[in-house]
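To keep things clear, I will list the structure first and then write my remarks on it.
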Number of protein chains: 2
Amino acid sequence: MPPPSIAQILQDEILSGALPPGTPLSQADLAMRFGVSRIPIRDALAKLSATGLITASPNRTATVLKMTRDEVIEAYNLRLLLEGDLLARAIPQMTDSHLSAIGYALERSSLEARQSNWAEGDRMFHDAIYAAAGQPRQQAMVNDLRRICCIQIAGYNQLTRNTDRWLTDHQRLTNACRAGNLRRATRILRRHLNGARNHLLREMDRKTTRPA
Amino acid sequence: MPPPSIAQILQDEILSGALPPGTPLSQADLAMRFGVSRIPIRDALAKLSATGLITASPNRTATVLKMTRDEVIEAYNLRLLLEGDLLARAIPQMTDSHLSAIGYALERSSLEARQSNWAEGDRMFHDAIYAAAGQPRQQAMVNDLRRICCIQIAGYNQLTRNTDRWLTDHQRLTNACRAGNLRRATRILRRHLNGARNHLLREMDRKTTRPA
DNA sequence: TTATGTATACATGTATACAATCACGGAGGA
DNA sequence: TCCTCCGTGATTGTATACATGTATACATAA
């Protein structure tokens, strides 16, 4: 297995909350830290910028993405639209092979739920669900959106993440897929996303209204 | 006005068909051509890769995006989903200011319809339509998708683009917006996109089944 | 006080040189 | 004939050095 790329390492640190939103990413500092020149750092930052994890402007040091309230709302609107469509395409196409893969992903994600890389488990679970839709680009777009949502969440208290409800939602979603019940699955997904969005918005308000 | 960036120049050439799908983009060649070193070329290629206009792999020379049949279908599925949603959000929010901007964009795009940069006029028109939705990220995603669809179109005969129908569809879409008729606007959009997709798929089949 | 100009420090953008990797073709052997 | 195994040329990846642009602080003038 090749060593993880610089971009991958930085992404993990951003998603885990080690580099909270707004953190400046100086090319020289990163070059020093990774023991390489600034060129590969620039490449890594370009990759992160492509997926939207950082904001980069010419002649300005890049920073970890910090979304406004409106941007969070739009991101969740998009997730609901894209994930709802994927669900509608996937469920009628699901085979036993798909379902067993979903079950496996559910277990895996449950084990990692309370660890620092819970986001990766979450991604794997949803990828398994949406695989049957056969729309890989759409899945990639959804994963990008989910990532930028995770950044904002990771910035706040890990304990406020409502892990229990998150787990039961995944379990119920899996059951609905096994039953082939699109309506129920869609309802669960919608409530899942709306809940996460509202939770995040409340956290954001709490932090901004009482800055210190 | 600043000189256009290297990435912008390359993008225009790709969209105009000067660099058809599959064309290799050698860093050394481009550096020679633009009279700069390979570093800014790498940056430009990274930007193009971010929007999906080129496919780049490590240690491999980048090439202009060449979509398969399935990828074209998925791209148009996504456009229909995202643009339909934008339309549904935009039309109820449209003010006189929005409508006049749409009218202006319609005229502008009509003038450029038969020129090489028709794609830019098309983008401006749809941006004007969707502006009232207030979902800038979603608009950006749609623009990226439209661009990668344009690449494939530009690769084939310009005369087969059905410019007349394209223009009348824009006119009818504008009328539906002025009337505030979402149902009709959605129907026009769906037919517009399905027509473009089928047209493109036919062209692709024609070229692949009779390669020479 | 407010605004403007300027100097300095720092971060990014770019050019050049070198190292690592890959594609291709030809030699050798089963 | 076909497959495998190198070598060679070409292409990309990286390090170093320099050029350019931006921000901050301070001095100066209205």
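Chain letters run A, B, ... following the sequence lines, proteins first and then strands; every chain starts at 1.
- The side-chain contact (heavy atoms from CB on, under 4.5 Å) test applied to B:Arg79 returns B:Tyr76, B:Glu83, B:Leu145, B:Arg146, B:Cys149, B:Leu193, not counting sequence neighbours.
- Qualifying side chain to side chain donor-acceptor pair (under 3.5 Å) partners for A:Thr63, counting only residues two or more places apart in sequence or in other chains: A:Thr55.
- Residues passing the side-chain contact (heavy atoms from CB on, under 4.5 Å) test with A:Ala56, sequence neighbours excluded: A:Ser49, A:Ala62.
- Residues passing the salt bridge (charged side-chain N to carboxylate O under 4.0 Å, His left out) test with A:Arg33 are A:Glu13, sequence neighbours excluded.
- Every residue meeting the side-chain contact (heavy atoms from CB on, under 4.5 Å) condition with B:Asn77, not counting sequence neighbours, appears here in chain and number order: A:Arg89, A:Gln135, B:Ile73, B:Arg197.
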*Do nucleotides 20-25 of chain C as a string where each nucleotide becomes B, S or -: B if the base has a protein heavy atom under 4.0 Å, S if just the sugar-phosphate does, - if no protein is that close.*
-SSS--
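- Interface limits on DNA chain D: the 5'-most and 3'-most nucleotides within less than 4.0 Å of chain B heavy atoms are D:dT11 to D:dT14.
- Residues meeting the side chain to side chain donor-acceptor pair (under 3.5 Å) test with A:Arg38, sequence neighbours left out: A:Gln27.
- The side chain to side chain donor-acceptor pair (under 3.5 Å) test applied to A:Ser97 returns no partner, not counting sequence neighbours.
- The salt bridge (charged side-chain N to carboxylate O under 4.0 Å, His left out) test applied to B:Arg69 returns B:Asp205, not counting sequence neighbours.
- Counting non-hydrogen atoms of other residues, nucleotides and ligands closer than 6.0 Å to CZ of A:Arg165 gives a total above 12.
- Contacts between residues 24-40 of chain B and DNA chain C, defined by a heavy-atom separation under 4.0 Å, are made by B:Val36, B:Ser37, B:Ile39, B:Pro40.
- Residues passing the side-chain contact (heavy atoms from CB on, under 4.5 Å) test with B:Ala7, sequence neighbours excluded: B:Ser5, B:Ala44, B:Lys47.
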